[in-house]
Amino acid sequence: MSQIKWKKVPDLLVWNKIKSLRKERKLKQIEVAIGSDISPATIWMLEQGYERRTTDETKQKLADFFKCDIDDIFPVEMVGNKSREEHLKEVKKE
């Protein structure tokens, strides 16, 4: 079994709103994990800003749990006029 390579999002950039929604609703990570049928480790990693290929199924489970659209949790973030992917490519070059 190969090890998952996690990439941390640069500090001060938040690419999802899981943690803020959870805290707003006064929920624990384990409650979100159980309610959305996602592992607690995945919830923790997403909240910490570690990025990996989050499946559409996982995104939909979180959206269903929080009763909102996927785009409300995982918005298309812009840094200046650049997409997240463009920004991360530039950060890696530096």
[atom1]-[atom2] distance between [X] and [Y], expressed to the nearest 0.5 angstrom:
X	Y	atom1	atom2	value
Ile18	Gln29	CD1	CD	10.0 Å
Thr58	Ile73	OG1	CD1	11.5 Å
Ser39	Ile30	OG	CD1	9.5 Å
Ile43	Leu62	CD1	CG	5.0 Å
Phe66	Ser36	CZ	OG	7.5 Å

Could you list the residues that satisfy salt bridge (Lys or Arg N to Asp or Glu O under 4.0 Å) with Asp69, not counting sequence neighbours?
->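 Result, salt bridge (Lys or Arg N to Asp or Glu O under 4.0 Å) vs Asp69: none returned.
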Please list, chain by chain and in numerical order, all residues satisfying salt bridge (Lys or Arg N to Asp or Glu O under 4.0 Å) with Glu57, sequence neighbours excluded.
->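 In terms of salt bridge (Lys or Arg N to Asp or Glu O under 4.0 Å), with neighbours along the sequence ignored, Glu57 is linked to Lys61.
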Inter- and intrachain pairs under salt bridge (charged side-chain N to carboxylate O under 4.0 Å, His left out), touching residues 21-32, at least two apart =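 Listed once each, the pairs are Arg22-Glu47.
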Going by heavy atoms in the side chains, are Leu27 and Phe65 under 4.5 Å from each other?
->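 Yes, their side chains come closer than 4.5 Å.
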Nearest atoms (heavy-atom pairs only) where Gln60 meets Ile70 |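 Reported closest heavy-atom pair: OE1-CD1, 3.3 Å.
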